[in-house]
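Note sheet for the following structure.
Residues: numbered from 1 along the sequence shown.
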Amino acid sequence: MREFDAIVDEHTRYLVRIAYLYVKNWATAEDIVQEVFVTYFQKSDQFRSESSLKTYLTKMTANRAKDYLRSWKHKKDVVFETIFAQTKGTDEEVIQKEHLASLEQKLFQLPLKYREPLILFYYDEQSIADIAQYLQLNENTVKTRLRRAKQQLKEFFSEEGLKK
């Protein structure tokens, strides 16, 4: 049981952030990570130590988050938030939230095949080789996807600048 607690303490914060980058909701990200830990401890004997535990849990979290994004619950939550969302706060807080929301929105507009390597490279600080192994892709494919993702983000923001 102490081993379980140690693993949870060590990896929870990191995994919640990874899940959030996929689902854009802290509560949902926390739920996903809880499900990952339950699954891991029910099936921990299947972990073959071919990679680090952190990598294994990260992959489980990413897969669970992708499953959530395809689910009916997610689609229902998006509609609910769109209809009932309200912004409160000072003007400065609102502007800051708008900038962060804009960046987040642009990131989530990228196709998953571009967004995922971008998140792993810049947020998770993984090497190209590690990302290629994790995504089961060629290293040059990962480099190309990173370059295209950055280019698309630049285009999103240059278009936004023209609209203002």
Side-chain angles (χ1 to χ4, degrees), residues 11-33 35-36 50-164:
H11 299 288
T12 298
R13 187 171 172 199
Y14 169 78
L15 294 175
V16 168
R17 284 190 251 151
I18 293 295
Y20 176 78
L21 291 171
Y22 284 94
V23 300
K24 302 187 296 184
N25 181 297
W26 287 110
T28 303
E30 290 170 351
D31 291 344
I32 287 170
V33 171
E35 291 174 19
V36 165
E50 292 174 2
S51 62
S52 71
L53 180 59
K54 181 178 181 179
T55 302
Y56 181 72
L57 292 172
T58 300
K59 190 161 191 163
M60 286 178 66
T61 302
N63 289 337
R64 187 65 55 115
K66 289 176 199 176
D67 290 344
Y68 171 78
L69 291 174
R70 288 188 292 263
S71 72
W72 177 84
K73 182 181 181 340
H74 168 66
K75 291 175 177 97
K76 177 186 67 123
D77 289 346
V78 168
V79 170
F80 183 80
E81 287 176 17
T82 302
I83 294 171
F84 295 105
Q86 294 181 2
T87 307
K88 296 180 181 177
T90 65
D91 290 342
E92 189 175 307
E93 288 174 349
V94 170
I95 291 170
Q96 185 178 10
K97 285 179 183 179
E98 285 176 359
H99 288 303
L100 288 174
S102 177
L103 175 60
E104 186 177 275
Q105 178 187 26
K106 301 304 182 203
L107 180 64
F108 285 102
Q109 284 179 356
L110 291 174
L112 186 59
K113 73 179 190 177
Y114 296 136
R115 182 174 63 216
E116 195 167 29
L118 199 66
I119 290 168
L120 294 172
F121 187 76
Y122 288 105
Y123 180 77
D124 196 22
E125 298 177 355
Q126 290 188 21
S127 68
I128 300 289
D130 290 342
I131 295 169
Q133 181 182 1
Y134 173 75
L135 296 176
Q136 299 176 347
L137 298 170
N138 182 302
E139 287 185 32
N140 288 330
T141 302
V142 172
K143 290 177 188 176
T144 300
R145 288 183 180 183
L146 282 169
R147 187 179 68 250
R148 289 180 181 167
K150 289 187 280 187
Q151 183 61 39
Q152 285 185 17
L153 284 175
K154 274 185 187 177
E155 290 171 7
F156 285 147
F157 285 107
S158 66
E159 288 172 10
E160 187 176 281
L162 294 174
K163 290 179 184 176
K164 288 185 176 180

State the [atom1]-[atom2] distance between [X] and [Y], to the nearest 0.5 angstrom.
X      : Y      : atom1 : atom2 : answer
Lys24  : Leu69  : NZ    : CG    : 8.5 Å
His11  : Ile18  : NE2   : CD1   : 12.5 Å
Glu116 : Leu21  : CD    : CG    : 11.0 Å
Gln133 : Ser127 : CD    : OG    : 9.0 Å
Asn25  : Glu30  : CG    : CD    : 9.0 Å

For side chain to side chain contact (heavy atoms under 4.5 Å, CB included), just list the numbers for Leu120 and Val142, CA-CA rounded to whole Å, side-chain angles, deciding distance to a tenth of an Å, and then say yes or no. CA-CA 11 Å; Leu120 294 172; Val142 172; over 6 Å; no
Could you report the tightest heavy-atom contact between [X] and [Y], atom names first, then the distance?
X      : Y      : answer
Ile32  : Ala65  : CD1-CA, 3.8 Å
Ala132 : Asn138 : CB-C, 4.1 Å
Ala62  : Tyr22  : CB-OH, 3.5 Å
Leu135 : Pro117 : CD1-CG, 4.0 Å

Quick one: ring-ring contact (aromatic ring centres under 6.0 Å, His included) partners of Phe121, sequence neighbours excluded?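 In terms of ring-ring contact (aromatic ring centres under 6.0 Å, His included), with neighbours along the sequence ignored, Phe121 is linked to no residue.
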Min side-chain heavy-atom separation Ile128-Leu146 under 4.5 Å: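 They are in side-chain contact.
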Side chain to side chain, Arg115 and Leu112, heavy atoms closer than 4.5 Å: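 In short, these two side chains touch, coming nearer than 4.5 Å.
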Listed once per pair and sorted, the side chain to side chain donor-acceptor pair (under 3.5 Å) pairs that draw on residues 53-64, sequence neighbours left out: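 Found Glu35-Arg64, Thr39-Arg64, Ser52-Thr55.
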